[in-house]
Q: 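Take this structure, written in structure tokens, and hold onto it; I'll ask about it next.
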4 protein chains.
Amino acid sequence: MNPRVEPFSETRSLTERLAARLTPEDQQLQSMTDASPVKWHRAHTTWFFETFVLRPFVPGYRPFHPLYSYLFNSYYDQVGERHARPARGLLSRPSAEEISIYRRAIDAAVELLLETAGEPVHQRVTLGINHEQQHQELLLTDIKHAFAQSVIRATYLEPKPPRAAGSAQPAWRRFQEGLQQIGNASAGFAFDNERPRHPQWLQSFELAELLVSNAEYLKFIEDGGYQRPTLWLSDGWAVVQQLGWAAPLYWERRGGEWWTFTLGGMQPVAPDEPVCHLSHYEADAYARWAHARLPTEAEWEVAAQGQPVEGNLLDEGRCHPVAAAGFEPFGNVWQWTASPYVAYPGFRPAEGALGEYNGKFMSNQMVLRGGSCVTPRSHLRATYRNFFPPAARWQFSGVRLARDA
Amino acid sequence: MNPRVEPFSETRSLTERLAARLTPEDQQLQSMTDASPVKWHRAHTTWFFETFVLRPFVPGYRPFHPLYSYLFNSYYDQVGERHARPARGLLSRPSAEEISIYRRAIDAAVELLLETAGEPVHQRVTLGINHEQQHQELLLTDIKHAFAQSVIRATYLEPKPPRAAGSAQPAWRRFQEGLQQIGNASAGFAFDNERPRHPQWLQSFELAELLVSNAEYLKFIEDGGYQRPTLWLSDGWAVVQQLGWAAPLYWERRGGEWWTFTLGGMQPVAPDEPVCHLSHYEADAYARWAHARLPTEAEWEVAAQGQPVEGNLLDEGRCHPVAAAGFEPFGNVWQWTASPYVAYPGFRPAEGALGEYNGKFMSNQMVLRGGSCVTPRSHLRATYRNFFPPAARWQFSGVRLARDA
Amino acid sequence: MNPRVEPFSETRSLTERLAARLTPEDQQLQSMTDASPVKWHRAHTTWFFETFVLRPFVPGYRPFHPLYSYLFNSYYDQVGERHARPARGLLSRPSAEEISIYRRAIDAAVELLLETAGEPVHQRVTLGINHEQQHQELLLTDIKHAFAQSVIRATYLEPKPPRAAGSAQPAWRRFQEGLQQIGNASAGFAFDNERPRHPQWLQSFELAELLVSNAEYLKFIEDGGYQRPTLWLSDGWAVVQQLGWAAPLYWERRGGEWWTFTLGGMQPVAPDEPVCHLSHYEADAYARWAHARLPTEAEWEVAAQGQPVEGNLLDEGRCHPVAAAGFEPFGNVWQWTASPYVAYPGFRPAEGALGEYNGKFMSNQMVLRGGSCVTPRSHLRATYRNFFPPAARWQFSGVRLARDA
Amino acid sequence: MNPRVEPFSETRSLTERLAARLTPEDQQLQSMTDASPVKWHRAHTTWFFETFVLRPFVPGYRPFHPLYSYLFNSYYDQVGERHARPARGLLSRPSAEEISIYRRAIDAAVELLLETAGEPVHQRVTLGINHEQQHQELLLTDIKHAFAQSVIRATYLEPKPPRAAGSAQPAWRRFQEGLQQIGNASAGFAFDNERPRHPQWLQSFELAELLVSNAEYLKFIEDGGYQRPTLWLSDGWAVVQQLGWAAPLYWERRGGEWWTFTLGGMQPVAPDEPVCHLSHYEADAYARWAHARLPTEAEWEVAAQGQPVEGNLLDEGRCHPVAAAGFEPFGNVWQWTASPYVAYPGFRPAEGALGEYNGKFMSNQMVLRGGSCVTPRSHLRATYRNFFPPAARWQFSGVRLARDA
């Protein structure tokens, strides 16, 4: 395959393979406003290539369908009006099959274009690939949430046997005070929110070698963690009270044992696996209980610089965390940081509608770092910034502790 | 076919024919809490036969699936816990195809039972048939509502050409004061809420020959009907303000013309067709504007007694109102009455869980009479009482005026 | 005093005496949207006389204050825009003292007018008196609700010693089937909703001699009444679940005993007193549990016809129910009926804004009959119809049972 | 007066002078959950001294009233349960006069204690003074909001004539890149959230000499600022749509002119005065429209270091912004920054309940700097951090622009 086309085609193909495990009816589920149906993800990522690659770069391009831009635009105000987000699950038409046809048509057009296209097209396609990878992860977190809503807990894949607990022991990794460089300055792809690279003064700190495990989090629960307001941010405590949180999302007490819903079905909570599906509020409360704190995103990035992007990622095909084997900044669970999601000094969003990609969400969200067991490996890097509201729990999100040194 | 089995089999078959026009993805749509997915209707009506016929009357009966009673129980507290109503659209499993299998299995068991069963079984099956007919109507009103939520307005069936406007002229039909008998005393099937037959003193009144037409309702709109609080019940005016109502449900203004969404797609509003998809509040406000009032359910029933159950019903296959051809109490649109839905004197709900069928809803609802273009003919009679909350608009509901004589 | 002025002056004076037990700060409390501040009641009733007596009947009348009509109009759309109901507690200006001045000014003008006025004025003033009496009752129920919101439970009056439990025994009073006359045909004052008098066919029935007592209601509680959905209307059960009802409003469990907040402070629940502060849903569920039902308003009225308007009314000065002493249709607690509040046959609301007084509320409300311990005696009669939504509990509302005979 | 007692007594006295302009009924108003009644502020600040000074430092201290800790605890979970925040306006008891008595009693006890007390007591009293100063400001912003809810717009004070527009011209003040020290290291009082002082690397930037004026903000409005989603953060745009914002809080269009409600009554919007009562979202949108940005709190602090705490503060007695006269970092309006409110590196909240003072609110809030026309001068310093949710508008909050240099 043409090496300039291959990354595009492989990404597009992976999305289809992820969706192929699901029936057309599964693909229509939208279990909450924050989540989207799988077939909507498949169509929206296609619309992205159509809107930002084919329309500007193919002279005389005619849209595949006159209503698809209305239906599959996510939040780009400059592109136009759109279908209400909470009603994405009410689209039985187009069918999953019609969306397959849409995908194939756009793929063909993009692949044709790529054969001869110049750098601007390739840059846009690279953005589209990275965009689609984000939706691959969301596709999996969203279907997990959807399957959890019914007593018929459907199984997305066969669970793999858990990795044996390693001999990895909790420990702290120390970093010296000094002026550090943060952010992305590479010539390669990075989102606008990772740029520019800039200096930041960090005081000395320590970062935990290992992610917090289920066994450790259980001690927090058993110590009354969910009943003690002084452990919590005020907003977090209000959410705990209102929603009755008493354990991570998907945990259930069955006959004296904790179980959790996974993409491989209901499983006992494994003590040595990283705790997962925590909100920022829970991560922060746990850290306070443990006489530690969450790392800032700058601390995390300094620690991750130079580390290989390896670990339990989507490429492993587990879609579930595994027990730690040492200092692995990447994979398993996204790590909540203490940093609100704001612009780096000198941040410049892209021109036009693509400037809406990241910048307008820099409010009321917290940064997560490191990727998870459902993040494609090629999507990650040390400067990568993920972000979610502090109450969000349906991502594969956990905790790595830090403390002042 | 065995004549004791035929009504059952035909009703069950009609449901499947109605659903067959829809894809599995269409059948999963739930566009509001009041509505249910088509495949849920198909499963729930099956569960009804399983629960109230097979379980009590087939010795040693084992449920088809251990979770189906949880998933497909609608509101029978005495049968047990159940899946949350607003989340019925989140059931991708069982699939539409699995529900077909469920239906066929239960059908076979019921048909077998009916071959030899005695009167109690037949009575229960008759109740189940009437129950399923109610869901046939809801299946159609619910899918209409669901299809209306997307700019891709799917078409359920090919629209038939509108019936030519008859020469029928508005007129009033007069009824004398006196002691009337209301309610059902027949040996045949009737719901518990239609019984017992009982005397009611009616003062003289007049009932309109014809249903209110779109042309008449347009005059109300053009006269500022939706802007004048003094025409409305206080609760109704609050809803008008809150929801911004300015026309019947499904009406849209397009280039100076009124259009309406139908099961046959978008159609111009036909002046001589009965106005449809009104709430009780709108029906009541229209009547006040027209210096008339809504009939009580007793008045309506007296007028309908002895009239043949004929008209534009589901059996016509239009699924849309037609212009009036004279005094037709049945068909076209349900007629809102002035009567809150309460128990008749001496009302006794059935024993056990079936006692929850009607009685517990006798609060905050208004009675509608006459059936609509999506009601099966064999389901109706003069004593039949339908009921919905006064703000409901997604049924085929309209107005026939009354006045004191 | 001029006998044509006296009823007006006495009613106005009573309101001020009721309010005089409260501080200006108490008079400003609005504890829920359904309730109003005492000083608002005092101003609104004054505005009523200003708007419906002085403005139409005093040539060249100039309003007392240009903003008072905006502030103190309750719900008369034809009179104009008005201050939002939920924000009535946000009016520190005018002060309670300024409202006293307003009252005195309007009183003087009305009294002057009454000296020489003709029948139309007297009729309007009589309406105003009856209107003010309704607000006297609301003033007391609203301040009770407001005082209940703070751990400092203020005492409105000194409680009187409870009346000794009589020897009155539960029994049933029987009424024969037949055509009865219901509604008001007197030349004297009655609200439009009590008219016209009209025939209604009643089947034979029995009515309880006594109101349901606290002791009886406690048996319902102890029998799991609030935990058994099959006893409840569907809407009622939803409210029970949502609001966590487990006893009448104002009841509290303290050290194994039930106490209740009264206008005389916290008091033990007295077994032989009528149960009070029930919603229609609770009254209905209790009746079902007791194998009885609520009376219709027609049944109640037939039973009350010819009975003296006597009992534990506001004139007694207790503001709390007392134990029964026999068949007393009036006083103690309003009795929920099985009748939704609808128009009588031939009902004609008044012309103009006063037509909004009653008619527009004939939706989603239930009729209560008989008056309570905070209703002025001269306000009541057998045909009197009170009405509240079925979930309302802050009125002095209880139960008298009925059953088919 | 004893110089160790004087700051306490003067602060307490100022609160009473601020409240003395209000009637007892005014002092009870609570117009939204975020605001509190004036008399509640007066009682809560007194409770603070009672709880954190008298209880720990006066042996055998007996609380003034057994229920006051329940009623007047704001949010200190470690102190105990408390009256619901949205229901603070439902406390008619204790009266404003009773709260005066409470204040005098606690004042006497604290003053007595201060005569002989050691450093720990003085430190606590100083915290209490600073706490009370915060409530002095809130008292004024809350009563302004309350008075704005009624068409009778009460006047808190006589407005002073606006200060003549100075010759001050817009200009930019430049700051060089480098390692700066931020935060408080003084021996004097500072809140825990201002500490510790720590290094922060700042890139070069420019800060506007002047606050954004009404005239400038009007250009943003006239340029469609409130209609263009691309100018807004996503969350901000959602609020604009939901609440229908089209101008700053308190602005009204009257006959083609903009007016605004002030503590001195309705006033025309003065073009040269700083724009006020903006949310963070509006401040941020304005900055984007003006091709600038909001300063970070570190940038602001660097610019304010060494500047005298002078300007239009509460001590001026205007309670309204005035036209700018040059670079005045302090006074007039709080300046929204681009910085979410988070802990400084090494932040340590106080031990015990006072640790809840600041730390637990470090979520979903933005920092404001500089004080306003209702902030006491002695309360401010360059390191002072105020914080509110980004949608809050009822504080005297405005904009000073920054840009990269």
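Chain naming here is simple, since letters A, B, ... match the order of the sequence lines and numbering starts at 1 in each.
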Q: Centroid-to-centroid, B/Tyr70 to B/Trp47, below 6.0 Å?
A: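 No: the rings miss the under 6.0 Å criterion.
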
Q: How far apart are the C-alpha atoms of C/Arg400 and C/Gln335, what are their side-chain angles, what is the distance that settles it, and do they pass the side chain to side chain donor-acceptor pair (under 3.5 Å) test?
A: CA-CA 6 Å; C/Arg400 182 185 302 278; C/Gln335 297 148 56; 2.8 Å; yes

Q: Going through the distances and angles, do B/Glu282 and B/Tyr217 end up as a side chain to side chain contact (heavy atoms under 4.5 Å, CB included)?
A: CA-CA 10 Å; B/Glu282 288 161 300; B/Tyr217 198 78; 3.5 Å; yes

Q: Please step through side chain to side chain contact (heavy atoms under 4.5 Å, CB included) for the pair B/Leu354 and B/Leu127, ending with a clear verdict.
A: CA-CA 10 Å; B/Leu354 285 171; B/Leu127 176 64; 3.8 Å; yes

Q: Are B/Phe220 and B/Tyr226 an aromatic pair, judged by ring center distance below 6.0 Å?
A: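 For B/Tyr226 and B/Phe220, the ring centres are under 6.0 Å apart.
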
Q: Under the 3.5 angstrom rule, does the side chain of B/His277 hit a backbone N or O of B/Arg393 as a donor-acceptor pair?
A: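 Yes, B/His277 side chain to B/Arg393 backbone: donor-acceptor pair under 3.5 Å.
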
Q: Taking non-hydrogen atoms and a cut-off under 4.5 angstrom, which of residues 227-239 of chain C neighbour chain B?
A: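 Checking residues 227-239 of chain C against chain B gives C/Pro229, C/Thr230, C/Trp232, C/Leu233, C/Ser234, C/Asp235.
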
Q: Apply the test side chain to side chain donor-acceptor pair (under 3.5 Å) to residues B/Ser36 and B/Trp40: give CA-CA distance (whole Å), side-chain angles for both, the deciding distance (0.1 Å), then the verdict.
A: CA-CA 6 Å; B/Ser36 296; B/Trp40 191 92; over 6 Å; no

Q: I'd like to know if the side chain of B/Glu137 pairs up with that of B/Trp334 as donor and acceptor (distance under 3.5 Å, no hydrogens or angles considered).
A: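 Looking only at side-chain atoms, B/Trp334 and B/Glu137 do form a donor-acceptor pair, the distance falling under 3.5 Å.
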
Q: Could you tell me which residues in residues 338-348 of chain B have at least one non-hydrogen atom under 4.5 Å from a non-hydrogen atom of chain C, sorted by residue number?
A: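 Listed by number, the contacting residues are B/Ala338, B/Pro340, B/Val342, B/Pro345, B/Gly346, B/Arg348.
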
Q: Ion pair present between C/Arg385 and C/Glu301, side-chain N to carboxylate O less than 4.0 angstrom?
A: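 A salt bridge is absent here (no side-chain N lies under 4.0 Å from a carboxylate O).
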
Q: Please output the residues of residues 75-89 of chain B in contact with chain C, using a heavy-atom cutoff of under 4.5 Å, in numerical order.
A: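 Residues in range: B/Asp77, B/Gln78.
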
Q: Are the side chain of B/Arg403 and the backbone of B/Ala292 linked by a donor-acceptor contact shorter than 3.5 Å?
A: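 Checking the backbone N and O of B/Ala292 against the side chain of B/Arg403, no donor-acceptor pair under 3.5 Å is found.
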
Q: Start with the C-alpha gap between B/Gln176 and B/Ser204, add the side-chain angles, then the distance that decides, and say whether side chain to side chain donor-acceptor pair (under 3.5 Å) holds.
A: CA-CA 4 Å; B/Gln176 292 301 331; B/Ser204 58; 5.4 Å; no

Q: Considering all heavy atoms of both residues, which atom of C/Gly398 and which atom of C/Ala283 are nearest to each other, and what is their separation?
A: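 What the structure gives for the nearest pair is O-CB, 4.5 Å.
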
Q: Counting only heavy atoms closer than 4.5 Å, note whether B/Pro199 contacts chain C via side chain, backbone, both or neither.
A: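 Looking at B/Pro199, backbone and side chain both touch chain C.
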
Q: Look at the aromatic rings of B/Trp289 and B/Tyr286 and report parallel, tilted or perpendicular, splitting at 30° and 60°.
A: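 Ring orientation of B/Trp289 relative to B/Tyr286: tilted.
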
Q: State plainly whether the residues C/Glu206 and C/Arg173 are in salt-bridge range, i.e. N to O under 4.0 Å.
A: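 Result for this pair is no, no salt bridge flagged.
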
Q: Output the residues of residues 357-365 of chain B for which the shortest heavy-atom distance to chain C is under 4.5 Å, in residue-number order; output 'none' if no such residue exists.
A: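 Counting heavy atoms that sit under 4.5 Å from chain C, the residues of residues 357-365 of chain B involved are B/Gly359, B/Lys360, B/Phe361, B/Met362, B/Ser363, B/Asn364.
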
Q: Might you work through the side chain to side chain contact (heavy atoms under 4.5 Å, CB included) test for B/Thr337 and B/Leu368, ending with a clear yes or no?
A: CA-CA 6 Å; B/Thr337 72; B/Leu368 302 101; 5.9 Å; no

Q: Walk me through whether C/Leu179 and B/Trp201 qualify under side chain to side chain contact (heavy atoms under 4.5 Å, CB included).
A: CA-CA 8 Å; C/Leu179 194 65; B/Trp201 183 270; 3.7 Å; yes

Q: Do the numbers put C/Arg369 on top of the ring of C/Trp336, so that NZ or CZ is under 6.0 Å from the six-membered ring centre and no more than 45° off the axis?
A: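 Because its charged atom misses either the 6.0 Å distance or the 45° angle limit, C/Arg369 does not stack over C/Trp336.
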
